[in-house]
Amino acid sequence: MNLIKTAMLIAFLTALFMAVGFLLGGRGGLLIALVIAAGMNFFSYWNADKLVLRMYGAREVDEGSAPELVGIVRQLSHAAGLPMPRTFVIDSDQPNAFATGRNPANAAVAASTGLLRRLTPEEVAGVMAHELAHVEHRDTLTMTLTATLAGAISMLGNFAFFFGGLGGNRDNNNPFGAIGTLVALLVAPFAAMLVQMAISRTREYAADRRGAEICGNPLWLASALAKIASAAGRTVNYDAERNPATAHMFIVNPLTGRGMDSLFSTHPDTGNRIAALEEMATAACAASGSRMAGPAEAVPQPAFEGPWSATANRTRPDWRRPAPPTAGGSPARPTGPSTRRGPWG
């Protein structure tokens with residue numbers, strides 16, 4: 001079903017791209033737009049993830065450079081039954097994260113340094129589980145292709161000024177003159193933006209739910225969303241501001257002009273997402289007859305205790321710093337209790 005939806009989305013955006021070309025250059029513009037769209041679709045399928053990661057200056061990390069983050073992603077991937085994705089860190093003070101890749105075997109997850117500084121290990125687990133849910137649902141292909149094509153449509157609309165439609169140039173091939181140029185300049189990018197918004201609003205709720213199932217505690221993700229939304233509004237992500245077509249890829253809208261749960265928001269209202277996760281936690285507790293602990297509580301309930309719980313971390317060094325090297329020169333993994341309970345045990 002996701003494959004069909006992705007194909008329909010790409011077909012719509014391609015048709016929109018061709019329509020803009022026709023409005024700007026007539027039949028010649030339509031043919032040029034068709035060739036460009038076909039080339040972009042092929043190139044984006046294989047390389048859009050690399051372009052997005054390079055766009056944000058993401059650097060790949062491993063057990064040596066970021067042992068705790070990679071360990072969290074590895075255990076969550078195992079719990080979800082997914083291949084281990086490549087793990088990246090973005091040097092940005094704004095707390096945020098995203099996933100990309102054309103399929104689970106070629107997926108990548110990225111977290112900002114601001115997120116790793118501000119969130120507890122449990123909350124980071126909730127965020128990474130959310131991103132792995134996107135990978136499992138194959139949202140990442142849709143997200144990266146949409147970002148590429150929507151950005152191209154917006155760019156093509158901006159190029160409308162160079163076709164002379166607004167200047168009355170009678171030698172151009174625009175069959176609709178100034179009206180066609182205005183449509184290309186305003187309506188086409190707006191339509192592409194609406195597609196991004198519609199996708200984001202539906203898939204975020206599904207990824208929240210599945211992410212909560214993967215990490216084992218909806219309250220970890222709920223707490224993370226509250227912190228991210230609060231800090232993101234006070235911190236500018238300059239790379240995202242320069243590339244707004246990629247905003248829908250992040251777990252929380254990285255743009256400063258964020259909105260509520262309305263037509264013009266790339267994400268559902270964070271408060272609504274938190275409320276849905278809290279309802280999920282309440283339902284799970286009612287079914288099991290136990291209490292689900294949040295990430296800030298001193299002693300989590302055993303049924304939901306994972307490797308990043310307060311109990312497990314009492315004997316471990318600060319998870320944000322790489323472990324000191326061993327005698328052999330390789331980083332040592334932080335030590336914890338010999339038995340770990342929970343969905344990653």
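Along the sequence shown, residues carry numbers from 1.
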Just wondering, do Val73 and Met84 contact through their side chains at under 4.5 Å, heavy atoms? yes

Please, which pairs that meet ring-ring contact (aromatic ring centres under 6.0 Å, His included) have at least one residue in residues 92-125, sequence neighbours excluded? Tyr56-Phe98, Phe98-Phe250

Report the residues that fulfil side-chain hydrogen bond (donor to acceptor under 3.5 Å, both in side chains) with Ser230, sequence neighbours left out, ordered by chain and then residue number. Arg234

What's the separation between atom CE in Met128 and atom CG in Leu69, rounded to the nearest 0.5 Å? 6.5 Å

To the nearest 0.5 Å, what is the distance between CZ (Arg209) and CD (Glu204)? 14.5 Å

Qualifying residues under side-chain contact (heavy atoms from CB on, under 4.5 Å), relative to Asp62, sequence neighbours excluded: Ser65

Does the side chain of Glu123 reach to within under 4.5 Å of the side chain of Ile228, using non-hydrogen atoms? no

Between Arg203 and Asp139, does at least one N-O distance fall below 4.0 Å, as a salt bridge requires? no

Which atoms form the tightest heavy-atom contact between Leu119 and Ala224, and what is the distance? CD2-CB, 3.7 Å

If the condition is side-chain hydrogen bond (donor to acceptor under 3.5 Å, both in side chains), which residues does Asn103 pass it with, not counting sequence neighbours? Asn106

Expected output: side-chain Glu131 to main-chain Ala99 donor-acceptor under 3.5 Å: yes

Determine whether Ile251 and Leu221 satisfy the following criterion, side-chain contact (heavy atoms from CB on, under 4.5 Å), listing intermediate values before the conclusion. CA-CA 11 Å; Ile251 188 170; Leu221 179 55; 4.1 Å; yes

Any side-chain heavy atom of Thr87 within less than 4.5 Å of one from Glu60? no

What distance separates Leu76 CG from Arg74 CZ, expressed to the nearest 0.5 Å? 11.5 Å

Hey, could you give me the NE2/CZ distance between His130 and Arg273, rounded to the nearest 0.5 Å? 5.0 Å

On a heavy-atom basis, which atom in Phe88 and which in Arg86 lie closest, and how many Å separate them? CZ-NH2, 3.5 Å

Glu136 side chain reached by Pro104 side chain, heavy atoms, under 4.5 Å: no

Would Asp49 and Thr140 count as a side-chain contact (heavy atoms from CB on, under 4.5 Å) if you check the C-alpha gap in whole Å, the side-chain angles of each, and the deciding distance to 0.1 Å? CA-CA 9 Å; Asp49 55 336; Thr140 50; over 6 Å; no

Enter the distance from Leu53:CG to Ile90:CD1 here, rounded to the nearest 0.5 Å. 7.5 Å

Shared ILVMFWY cluster between Val236 and Leu255, side chains joined below 4.5 angstrom? no

Shortest non-hydrogen contact between Ala207 and Ala133, atoms and distance: O-CB, 3.6 Å

Check whether Gln94 reaches the backbone of Pro254 with its side chain - one donor and one acceptor, N or O, closer than 3.5 Å. yes

One should read off an interatomic distance between His137 NE2 and Leu132 CG, to the nearest 0.5 angstrom, of 11.0 Å

Sequence neighbours left out, what pairs pass salt bridge (Lys or Arg N to Asp or Glu O under 4.0 Å) with at least one residue falling in residues 93-111? Asp93-Arg117, Asp93-Arg118

Under 3.5 Å, is there a donor-acceptor pair between the side chain of Ser112 and the main chain of Asn96? yes

Output all residues satisfying side-chain hydrogen bond (donor to acceptor under 3.5 Å, both in side chains) with Asp239, sequence neighbours left out; order by chain, then residue number. Arg242

Look at the side chain of Thr282 and the backbone N and O of Glu278, then say whether any donor-acceptor pair between them is shorter than 3.5 Å. yes

Distance-minimising heavy-atom pair for Cys215 and Gly126: SG-CA, 4.1 Å

Which heavy atom of Ala97 sits nearest to which heavy atom of Ala111, and what is that distance? CB-CA, 4.1 Å

Could you pull out the closest heavy-atom pair between Pro218 and Ala212, with the gap in Å? CA-CB, 3.6 Å

